[in-house]
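Inspection log for the structure reproduced underneath, given as structure tokens.
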Amino acid sequence: MPKRLLSQPRRKPSGRHAVPGDKSISHRALLIAAAAGGETVIENFLDGSDCRATANALRALGVGIEFVDTTRVRVSGDGKFTAPKDVLDLGNSGTGLRLLAGLLAGRDVTATLTGDASLRSRPMRRVAQPLSRMGASIETSPRGTAPLVVRGKSVLRGIDYAMPVASAQVKSAILLAGLAAKEAVIVHEPAVTRDHTERMLAAFGAKVHREANLVRLERGATLATPERIDVPGDLSSAAFLFAAAAMNPGASVTVAGVGVNPTRAGFLDLLARMGAKVSLENPREISGEPLADVTVTGGTLAGIEISGAEVALAIDEIPVLLAVAAVAEGETVVRGAGELRVKESDRLAAMADGLSKLGIRNALREDGIGVFGGEPQPGTIDSRGDHRIAMSFAILGQRARGPVDILDCDTIETSFPGFAALMQQAGLDITEFQA
């Protein structure tokens with residue numbers, strides 16, 4: 001039976017906590033370590049179903065993947081892939097499918113990549129087109145979606161590519177294909193997106209340069225194999241604790257060892273602009289990624305305007321930010337967020353529908369939304385099978401005037417295994433049930 005969450009407004013969050021490893025970085029660590037060959041141990045790996053799907057796909061390609069325990073993975077091999085015997089199923093993982101397509105584009109391997117119904121509805125021509133220009137053969141379904149048939153080549157052409165939409169997944173696919181390019185690969189972004197791929201390629205010895213919205217991977221990249229990669233805590237997971245603290249004046253939570261990469265930390269800046277207090281202690285760097293112990297303290301919140309460039313730096317956190325906006329004074333306006341319509345669900349529509357069901361006035365737009373702060377009412381929410389929608393309404397339920405019941409929550413395991421248990425540890429009344 002499908003899982004559901006029950007969120008009841010009783011307590012404020014508190015304490016010092018740790019969240020699971022970063023999902024985006026866990027994917028990249030697997031893929032780049034597999035491409036490099038040798039042996040690499042990944043520490044604090046996110047043991048969620050999305051990352052497991054990437055690991056299973058690499059196994060099917062002949063890469064040695066050993067789970068020493070749930071958060072420590074050993075990747076080994078010679079850097080070469082063998083043709084899989086079956087279709088590679090990436091489940092619900094858009095990151096896994098798109099990045100693996102890029103990596104396979106530069107290999108003499110033919111493979112078919114697919115996923116669940118949600119993933120098969122997401123646009124894939126955006127990644128197929130630049131990879132095809134580089135010399136690989138990438139076929140999508142007639143609708144421009146998965147399954148993808150990738151026929152790679154060991155030597156590709158370089159590319160100077162202006163991305164039509166800001167997408168870290170598409171950028172990363174091009175850069176991973178660029179490992180096999182005989183010329184430099186240059187990507188122009190319409191807005192800066194998360195740079196985990198660039199940082200990890202550099203940590204493996206590739207020459208990657210960034211200037212403003214331009215990323216350049218020099219030709220002839222040879223990857224060296226680090227013995228160990230440490231994955232920081234996932235800011236996208238910590239965001240739910242931070243949001244719960246921000247919307248409760250006087251509440252305070254700390255998450256230790258969380259990633260604060262500037263291309264991911266936009267959510268913290270937006271919370272501070274709304275009126276929460278955000279502080280970082282013990283800043284440090286591991287495996288090329290910055291992290292810190294982050295504390296968020298609640299305050300009197302006010303609505304803000306969020307631009308498209310700011311959305312790109314907080315793309316996964318916008319749903320829970322809209323939950324925060326639901327209890328802020330005035331209107332919060334989000335613009336340039338059309339990319340949220342082609343995630344695991346149409347996240348703009350899902351948030352608008354759920355907010356309306358809880359009595360929060362909002363105005364859905366083609367590429368954004370306006371949310372007018374108020375008093376959330378009890379109700380039942382259809383998460384549309386989207387993990388971030390489910391968790392966002394679980395947090396908003398802590399400020400509702402009665403219980404909020406969230407349906408179809410199985411996909412939370414893709415990004416945040418143990419979500420409900422950690423929220424309870426922080427003092428929140430969020431319980432997971434079988435429907």
Just by modelled atom types, is the [Y] backbone N or O under 3.5 Å from a matching donor or acceptor in the [X] side chain?
X	Y	result
Arg107	Ala105	no
Thr82	Leu61	yes
Thr411	His387	yes
Ser118	Asn92	no
Arg98	Leu100	no
Asp230	Ser287	no
Ser252	Thr297	no

Are there over 12 heavy-atom neighbours, none belonging to Arg219, within less than 6.0 Å of that residue's CZ?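 Atom CZ in Arg219 is not crowded, with 12 or fewer foreign heavy atoms closer than 6.0 Å.
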Applying side-chain hydrogen bond (donor to acceptor under 3.5 Å, both in side chains) to Ser383 and not counting sequence neighbours gives none
Apply side-chain contact (heavy atoms from CB on, under 4.5 Å) to residues Val278 and Phe242 and explain how you reach the verdict. CA-CA 9 Å; Val278 178; Phe242 294 150; over 6 Å; no
My understanding is that only residues two or more places apart in sequence, or in another chain, count here; which of them pass side chain to side chain contact (heavy atoms under 4.5 Å, CB included) with [X]?
X	result
Asn56	Arg59
Asn44	Val231
Asp69	Thr71, Arg72
Arg74	Glu39, Val41, Glu66, Val68

Close side-chain approach of [X] and [Y], heavy atoms under 4.5 Å:
X	Y	result
Pro417	Leu46	yes
Arg199	Val208	no
Ile138	Gln129	no
Ile306	Leu321	yes
Arg273	Asp269	no
Ser172	Arg28	yes
Asp293	Val258	no
Arg341	Leu348	yes

Any side-chain donor near an acceptor of the partner, [X] and [Y], under 3.5 Å:
X	Y	value
Thr54	His27	yes
Arg194	Ser24	yes
Ser167	Glu339	no

I would like to know whether Glu281 and Thr295 meet side chain to side chain donor-acceptor pair (under 3.5 Å); could you show each step before the answer? CA-CA 8 Å; Glu281 296 182 350; Thr295 300; 5.6 Å; no
Check step by step if side-chain contact (heavy atoms from CB on, under 4.5 Å) holds for Leu270 and Glu310. CA-CA 8 Å; Leu270 295 172; Glu310 291 172 315; 4.2 Å; yes
Residues in salt bridge (Lys or Arg N to Asp or Glu O under 4.0 Å) with [X], at least two apart?
X	value
Arg264	Asp22, Asp234
Asp405	Arg4
Glu289	none

Which pairs with one or both residues in residues 185-205 pass ring pair (Phe, Tyr, Trp, His ring centres under 6.0 Å), sequence neighbours excluded? none
To the nearest 0.5 Å, what is the distance between [atom1] on [X] and [atom2] on [Y]?
X	Y	atom1	atom2	value
Met391	Asp386	CE	CG	8.5 Å
Arg120	Leu90	CZ	CG	12.5 Å
Leu131	Ile159	CG	CD1	8.0 Å
Thr193	Met163	OG1	CE	6.0 Å
Asp316	Ser415	CG	OG	8.5 Å
Ile389	Asp346	CD1	CG	9.0 Å

Given the rule in the side-chain contact (heavy atoms from CB on, under 4.5 Å) test, do Leu235 and Val260 qualify, once you have shown the distances and angles that lead to the verdict? CA-CA 7 Å; Leu235 179 60; Val260 290; 5.6 Å; no
Hey, can you pull the donor-acceptor pairs under 3.5 Å for the side chains in residues 147-158, sequence neighbours left out?
| unit_1 | atom_1 | unit_2 | atom_2 | d |
| --- | --- | --- | --- | --- |
| Arg151 | NH1 | Glu139 | OE2 | 2.7 |
| Ser154 | OG | Asp108 | OD2 | 3.1 |
| Arg157 | NE | Arg133 | O | 3.2 |
| Arg157 | NH2 | Arg133 | O | 2.9 |

Just to verify, what does Phe45 make a ring pair (Phe, Tyr, Trp, His ring centres under 6.0 Å) with, not counting sequence neighbours? Phe67
Residues in ring pair (Phe, Tyr, Trp, His ring centres under 6.0 Å) contact with Phe416, at least two apart in sequence or another chain: Phe419
Test salt bridge (Lys or Arg N to Asp or Glu O under 4.0 Å) on Glu344 and Arg388 and set out the steps. CA-CA 9 Å; Glu344 285 85 336; Arg388 300 205 188 278; 6.0 Å; no
Check the pair Lys23 / Asp50 against salt bridge (Lys or Arg N to Asp or Glu O under 4.0 Å), numbers first and verdict last. CA-CA 8 Å; Lys23 183 172 78 160; Asp50 274 10; 3.1 Å; yes
Yes or no on salt bridge (Lys or Arg N to Asp or Glu O under 4.0 Å) for Glu413 and Arg52, after CA distance, side-chain angles and deciding distance? CA-CA 11 Å; Glu413 293 299 312; Arg52 283 272 183 172; over 6 Å; no
